[in-house]
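A short write-up of the structure that comes next.
Quick caveat, the model's predicted, so the values are computed rather than measured.
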Amino acid sequence: MDSLTLFCTGSLLAGGLFWFICILGSAEQKGKRAVNLSGGSISKDNVQDKYDQYWSFFRRPKEIETAEKVPDFVDTFYNLVTDIYEWGWGQSFHFSPSIPGKSHHQATRLHEEMAVDLLNVKPGSKILDAGCGVGGPMRAIAAHSGANVVGITINEYQVGRARAHNKKAGLDALCEVVCGNFLQMPFGDNTFDGAYSIEATCHAPKLEDVYGEIYRVMKPGSLYVSYEWVTTELYDENNPEHVEAIQGIERGDALPGLRSYRDIADVAKRVGFEVVMEKDLAKPPANPWWTRLKMGRIAYWRNHIVVTVLAWLGIAPKGVVDVHEMLFVTADHLSKGGETGIFTPMHMILCRKPEAN
């Protein structure tokens, strides 16, 4: 092989490696480039230790059930996973029913728009996003409705990401992001014209605590809609396979414990809400929400190679490989939960705060 052939071959290999690691998009859309994966607010040298600390919560289950421990637990989780979620999933950290003829991105957008349509708010209204993440739903809802959306997330890194995305989308005038705990929100009573939470309140150790706070900050007569992660009527706590799948979802998604669908309306009523509607949006005629996880398996292995190479080169934090592996295992548990029908991430409840007497 002459020198010209060697040079061309080497150039092709180098160019292919650069494209694979630096340019290649994720399974859906690039939230950020692979070379910029981080541990959120955690320093690069501490990502592996924080990952090990995250798993230590599950070796001390009583600590997970203690309310004051949960915020740190959830904050650590989102520092670890936010960049990977954005890179491999997109800016909306939730599921949606599959819709024939629609991409996953389009189906996600419609799922978000439905939430604000249920609130029946007008342009200029002020609504709350309780557990906003990096603001994917917030931006879709603000653009669709013209409402002013105030999001709250416990994770400081997500606040920065959300604000950057809001500005880039030209929606920073409609979207505001606050760092705080949705169990103790820094808002006055009767502040908002409506509220929503999309697959977020599952992180609260007690649902009545977060529902009570949301109730407090809403104006009388306004509506609240939530998409809840719950076990369904098909879940059998005496079935080892069911238990394994649900515990796998809890471990891989920073959940202090999944609730039963039976509990949601009762909790809403206890804090003062009137229940307007309750429905599992995952049930037929909706198409399976977990197909996106199944379709992403090839992309996972591709991305895992990228993450492993970047960690080996010292570009990505060492612990990112373990985090990525954890999320893949969790995706398998989520798929099993969906296929067996024992779990849904979109148990919808629509509530109204009664008018003041």
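Here F273 and Y215 bring their ring centres to under 6.0 angstrom of each other. Separation of the F95 and W290 ring centroids does not fall under the 6.0 Å cut-off. Residues H111 and Y227 bring their aromatic ring centres within 6.0 Å. Annotation: Y196 is not in aromatic contact with Y224 [ring centroid separation under 6.0 Å not met].
From C175, atom SG reaches atom NE2 of H165 across 12.0 Å, with rounding to the nearest 0.5 Å. If you take CD1 on I99 and NE2 on H104, they are separated by 11.0 Å, rounding to the nearest 0.5 Å. The distance from atom CG of N166 to atom CZ of R161, rounded to the nearest 0.5 Å, is 11.5 Å. Between T153 atom OG1 and D129 atom CG the span is 9.5 Å, to the nearest 0.5 Å. The CG atom of D83 lies 8.0 Å from the CG atom of N36; values are rounded to the nearest 0.5 Å. One finds the OG atom of S38 at 10.0 Å from the CG atom of L80 (value rounded to the nearest 0.5 Å).
Applying the side-chain hydrogen bond (donor to acceptor under 3.5 Å, both in side chains) test to every pair with at least one member in residues 167-179, sequence neighbours left out, gives no pairs at all.
The minimum heavy-atom distance linking E199 with C202 is given by the pair O-SG, 3.8 Å. The two atoms that bring A142 and V149 nearest to each other are CB-CG2, 4.0 Å, heavy atoms only. Of all heavy-atom pairs between P256 and P205, the closest is CG-CA, 3.8 Å. The nearest pair of heavy atoms linking A245 to K336 is CB-CB, 4.5 Å. Closest approach of P317 to V47, counting heavy atoms only: CB-CG2, 3.6 Å. A268 and I349 get closest at one heavy-atom pair: CB-CD1, 4.1 Å.
Proximity of V116 to H144: side-chain heavy atoms (C-beta onward) are separated by under 4.5 Å at one or more points. Residues E112 and T108 meet the side-chain proximity criterion, which asks for heavy atoms closer than 4.5 Å. Inter-residue side-chain proximity for F93 and E86 is flagged as met; some heavy-atom pair is nearer than 4.5 Å. Contact of the F187 side chain with the V178 side chain is registered, since non-hydrogen atoms from C-beta on lie closer than 4.5 Å. At least one side-chain heavy atom of I141 sits under 4.5 Å from a side-chain heavy atom of I127. A 4.5 Å side-chain heavy-atom check between Y51 and M326 finds at least one atom pair inside the cut-off. Within the 4.5 Å cutoff, no side-chain heavy atoms of Y235 are placed close to those of Y261. In this structure the side chain of V177 reaches within 4.5 angstrom of the side chain of C132, judged on heavy atoms.
Side chains of T76 and N79: no donor on one and acceptor on the other come within 3.5 Å. In this model, a donor atom of one side chain and an acceptor atom of the other lie less than 3.5 Å apart for S226 and S197. When only modelled atom types and interatomic distance are considered, R139 and Q91 share a side-chain donor-acceptor pair under 3.5 Å. A donor and an acceptor atom, one from each side chain of H203 and D253, are nowhere located under 3.5 Å apart.
Note on D266 versus R262: no salt bridge recorded, every NZ/NE/NH1/NH2 to OD/OE distance being 4.0 Å or above. Salt-bridge check for E233 with K283: passed, with a basic side-chain N closer than 4.0 Å to an acidic carboxylate O. Salt bridge annotation for R216-D189: present, with a cationic side-chain nitrogen under 4.0 angstrom from a carboxylate oxygen.
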Between H333 and Q247, is the side-chain hydrogen bond (donor to acceptor under 3.5 Å, both in side chains) condition met? List the steps. CA-CA 9 Å; H333 289 302; Q247 288 183 346; over 6 Å; no

Taking it one step at a time, do E156 and S41 satisfy side-chain hydrogen bond (donor to acceptor under 3.5 Å, both in side chains)? CA-CA 7 Å; E156 186 177 354; S41 299; 5.1 Å; no

Go through I342 and I246 one step at a time and tell me if the side chain to side chain contact (heavy atoms under 4.5 Å, CB included) criterion holds. CA-CA 8 Å; I342 64 172; I246 295 304; 4.1 Å; yes

Apply side chain to side chain contact (heavy atoms under 4.5 Å, CB included) to S222 and R352, showing your working. CA-CA 6 Å; S222 61; R352 178 182 288 109; over 6 Å; no

Apply side chain to side chain contact (heavy atoms under 4.5 Å, CB included) to L334 and W229, showing your working. CA-CA 11 Å; L334 286 163; W229 281 32; 4.1 Å; yes

For S43 and N46: C-alpha separation, side-chain torsions, deciding distance, then whether side-chain hydrogen bond (donor to acceptor under 3.5 Å, both in side chains) applies. CA-CA 5 Å; S43 67; N46 290 330; 2.8 Å; yes

Checking V323 against V81 for the side chain to side chain contact (heavy atoms under 4.5 Å, CB included) test, could you report, in this order, the C-alpha distance in whole Å, the side-chain angles of both residues, the deciding distance, and whether it holds? CA-CA 7 Å; V323 175; V81 305; 3.9 Å; yes

Evaluation steps, ring pair (Phe, Tyr, Trp, His ring centres under 6.0 Å), between F73 and Y54: CA-CA 7 Å; F73 169 65; Y54 171 79; 5.3 Å; yes

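Between the H242 side chain and the D236 main chain, a donor and an acceptor come within less than 3.5 Å of each other. With hydrogens and angles disregarded, no donor-acceptor distance shorter than 3.5 Å links the side chain of N287 to the backbone of P97. N239 contributes a side-chain N or O that, together with a main-chain N or O of E241, makes up a donor-acceptor pair within less than 3.5 Å. Using modelled atom types, no side-chain atom of Q184 and backbone atom of N181 make a donor-acceptor pair closer than 3.5 Å. A distance-only check finds no donor-acceptor pair linking the side chain of S125 to the backbone of A147 [under 3.5 Å]. At least one donor-acceptor pair closer than 3.5 Å links the side chain of E250 to the backbone N or O of L258. A side-chain donor-acceptor contact under 3.5 Å links W89 to the backbone of H94. Panel note: side chain E228, backbone I264; no donor-acceptor pair is recorded below 3.5 Å. At least one donor-acceptor pair under 3.5 Å links the side chain of E213 to the backbone N or O of M185. Between the side chain of N155 and the backbone N or O of D75, at least one donor-acceptor pair lies under 3.5 Å.
When each of T231, L234, D280 is checked for a side-chain contact (heavy atoms from CB on, under 4.5 Å) with T344, only D280 meets the rule. With D193 as reference, K219 is the one residue of K353, K126, K219 to meet the salt bridge (Lys or Arg N to Asp or Glu O under 4.0 Å) rule.
Connection of V307 to V329 is not established within any shared hydrophobic cluster, with ILVMFWY side chains joined at heavy-atom distances below 4.5 Å, either directly or through further cluster members. L118 is connected to M346 through a chain of hydrophobic side-chain contacts under 4.5 Å among Ile, Leu, Val, Met, Phe, Trp and Tyr, so both are in one cluster. Cluster annotation: L119 and L281 are assigned to the same hydrophobic cluster (Ile/Leu/Val/Met/Phe/Trp/Tyr, side-chain heavy-atom contacts under 4.5 Å, transitive).
Around the NZ atom of K44, the shell of radius 6.0 Å holds more than 12 heavy atoms that belong to other residues, nucleotides or ligands.
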